[in-house]
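Every chain is numbered from 1, with letters handed out A, B, ... down the list of sequences.
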There are 4 protein chains.
Amino acid sequence: MINQVTLVGRLTKDPEVKYTADGRPFLNMTIAVNRPYRNQQGVAETDFIYCTVWNKSAENTAKYCQKGSLVGVLGTIQTRNYEDKEGKKIYVTEVSVHTVRFMDKKRSDSSELLPILTIP
Amino acid sequence: MINQVTLVGRLTKDPEVKYTADGRPFLNMTIAVNRPYRNQQGVAETDFIYCTVWNKSAENTAKYCQKGSLVGVLGTIQTRNYEDKEGKKIYVTEVSVHTVRFMDKKRSDSSELLPILTIP
Amino acid sequence: MINQVTLVGRLTKDPEVKYTADGRPFLNMTIAVNRPYRNQQGVAETDFIYCTVWNKSAENTAKYCQKGSLVGVLGTIQTRNYEDKEGKKIYVTEVSVHTVRFMDKKRSDSSELLPILTIP
Amino acid sequence: MINQVTLVGRLTKDPEVKYTADGRPFLNMTIAVNRPYRNQQGVAETDFIYCTVWNKSAENTAKYCQKGSLVGVLGTIQTRNYEDKEGKKIYVTEVSVHTVRFMDKKRSDSSELLPILTIP
DNA sequence: TTTT
DNA sequence: TTTT
């Protein structure tokens, strides 16, 4: 079982961190990813992909990104469903993001420049 | 701009090819992908991911797969919207699939064993 | 900057954990990945991809896999170089693996069935 | 069997198309991908990943990119071996690229803005 | 043999 | 509800 998503695109809005009831940071954002080809009518299209970012990555995204920022996003597709006010079942598909790369930043000011262990 | 999805999971139903108005084959399927970890309540969860397969891959999937078949799927996330009967805008997120790997087949009977050019 | 690799293939040997000087577990393995198409001569080819697995994933791989096991592998391509005995520079490209999925195991006995937090 | 690589990084040199004996265009390039974290010594590292691009993508890469261009690369890891002048077997691991995205170009002048069919 |  |  494999479930892996890689996106590079731009934030449609300024991001904002929220917290779960038990205090975990998260952030909802939509990534605009332009398709590489025009459609049959010659129109350049864009996918607007709904993402939830978790934990430290959520905090860093809020700190380093704004509307229009170019980001790389690594995550998984998740599905869930709920009932709306009329009792109708709504199915939601979204990307749960574990890693965000800040792609218009230079390397030196990236928020994720933290120590890791070396390969021996 | 990058938009790439890799899934390995099982078909929830027997697949069935359909054709667009202008004759292009396609196939809708849902892939069940078990999550690798249990949730906080100790429950093993599954994502049910809605996919559309195109062209020759659609025909091969119908030919070689059935409910329960293990497949690898390469594609992109696409979003679209339409208005339901009450005029409410519905937003849909799905995976548009360009390649399917048949993973419970042995190599010798794979439907995709066609010639390609060699690396010089 | 994005660097992401997804492989599904089989171990060419029984895996064996080793430890770095400072005690970190790691494991070297080669994954055989059959190409989906035959080459111009009609021959079915296979790529033998050298991987290094780290930490807990290394220990689990040794515990749950053997020669021939089907695994999914998530990681990054890494390059390094060293000088051989004759002082010639050797360039090495390998996959540094952070996650291994055990794909011939049923879900119930997967080694990675550990608790995670739920999505709110 | 799955073999998928996604990279975003910069060309280390001006690219140049070559042709196989039977006339197929190809192009060798090295992509510099900066690692997101510093190593234990506090040094920011980079992987230099050797790639071969094929066909139309090779021609477009030569046309639209130069040393330092930011590209997204989709492909597979391939391995091969040959004997050097002293009869020693040399093992090579490289990325065979099927798609290149030109990431410092604006959408309007991308070389890959060609028609595709629409989703019905 | 290495890019910003 | 959409970005360059």
Side-chain angles (χ1 to χ4, degrees), chain A residues 7-16 28-36 43-52 61 65-73 92 94-95 100-110 113, chain B residues 1-3 77-83 88-93, chain C residues 1-3 77-83 88-93, chain D residues 7-16 28-36 43-52 61 65-73 92 94-95 100-110 113:
Chain A
L7 304 173
V8 177
R10 294 185 183 279
L11 300 208
T12 61
K13 287 196 192 170
D14 288 346
E16 193 185 341
N28 294 315
M29 64 181 184
T30 298
I31 303 292
V33 184
N34 299 323
R35 296 195 188 163
V43 177
E45 293 176 298
T46 298
D47 293 294
F48 294 96
I49 301 170
Y50 191 78
C51 297
T52 303
T61 301
C65 296
Q66 55 235 36
K67 182 177 174 177
S69 293
L70 184 68
V71 294
V73 147
V92 180
E94 61 200 5
V95 175
V100 179
R101 296 274 135 80
F102 308 122
M103 303 193 61
D104 21 52
K105 302 287 170 189
K106 285 282 180 298
R107 178 145 76 169
S108 48
D109 57 2
S110 159
L113 275 203
Chain B
M1 301 286 137
I2 302 255
N3 181 342
I77 299 183
Q78 297 199 343
T79 57
R80 60 189 168 87
N81 59 74
Y82 63 91
E83 294 190 4
K88 203 184 147 202
K89 229 173 190 177
I90 306 293
Y91 294 86
V92 180
T93 298
Chain C
M1 302 286 137
I2 303 255
N3 181 342
I77 298 183
Q78 297 199 343
T79 56
R80 60 189 167 87
N81 59 74
Y82 63 91
E83 294 190 4
K88 204 184 146 200
K89 229 173 190 176
I90 305 293
Y91 294 86
V92 179
T93 298
Chain D
L7 305 173
V8 177
R10 293 186 183 279
L11 300 208
T12 61
K13 286 196 192 172
D14 288 345
E16 193 184 341
N28 294 315
M29 64 182 183
T30 298
I31 303 292
V33 184
N34 300 324
R35 295 194 188 164
V43 177
E45 293 175 298
T46 298
D47 293 295
F48 293 97
I49 301 169
Y50 191 78
C51 297
T52 303
T61 301
C65 296
Q66 56 234 35
K67 183 177 173 177
S69 293
L70 185 68
V71 293
V73 148
V92 179
E94 60 200 4
V95 175
V100 178
R101 296 274 136 79
F102 308 121
M103 302 192 61
D104 20 52
K105 303 285 170 189
K106 288 279 180 300
R107 179 144 74 169
S108 48
D109 57 2
S110 160
L113 275 204

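Taking every heavy atom of both residues into account, Ile2(B) and Gly72(D) meet most closely at CD1-CA, 3.8 Å. The two residues Pro15(D) and Thr61(D) make their nearest non-hydrogen contact at CG-O, 3.8 Å. What you find for Thr79(C) and Arg35(D) is that their closest heavy atoms are O-NH2, 4.0 Å.
Atom CD1 in Ile77(C) sits roughly 20 Å away from atom P in dT3(E) (whole-Å rounding). Nucleotide dT1(F) holds its P atom 20 Å from the CD atom of Glu16(A), rounded to whole Å. Rounded to whole Å, atom P of dT2(E) lies 18 Å from atom CE of Met29(D). As a whole-Å value, the separation of Arg35(D) CZ from dT4(E) P is 19 Å. The nearest whole Å value for the distance from the CD atom in Glu94(D) to the C1' atom in dT1(E) is 16 Å. Rounded to whole Å, the distance from CG on Leu7(A) to C1' on dT3(F) is 14 Å. The OH-P distance, from Tyr82(C) to dT1(E), rounds to 15 Å in whole Å. Rounded to an integer number of Å, the gap from CZ of Phe48(D) to P of dT3(E) is 7 Å.
Among the atoms of the strands shown, none is found under 4.0 Å from any heavy atom of Lys13(A).
Among the nucleotides dT1(E), dT3(F), dT1(F), the one closest to the side chain of Tyr91(C) is dT1(E). The listed nucleotides are dT3(E), dT1(F), dT3(F); the one nearest the side chain of Lys89(B) is dT1(F). In this structure, of dT4(E), dT2(E), dT3(F), it is dT4(E) that holds the atom nearest to the side chain of Asn34(D).
For Thr46(D) and dT3(E), a side-chain-to-base donor-acceptor distance below 3.5 Å is present, hydrogens and geometry of angles not being considered.
To the nearest 0.5 angstrom, Tyr50(D) atom OH is 11.0 Å from Met29(D) atom CE.
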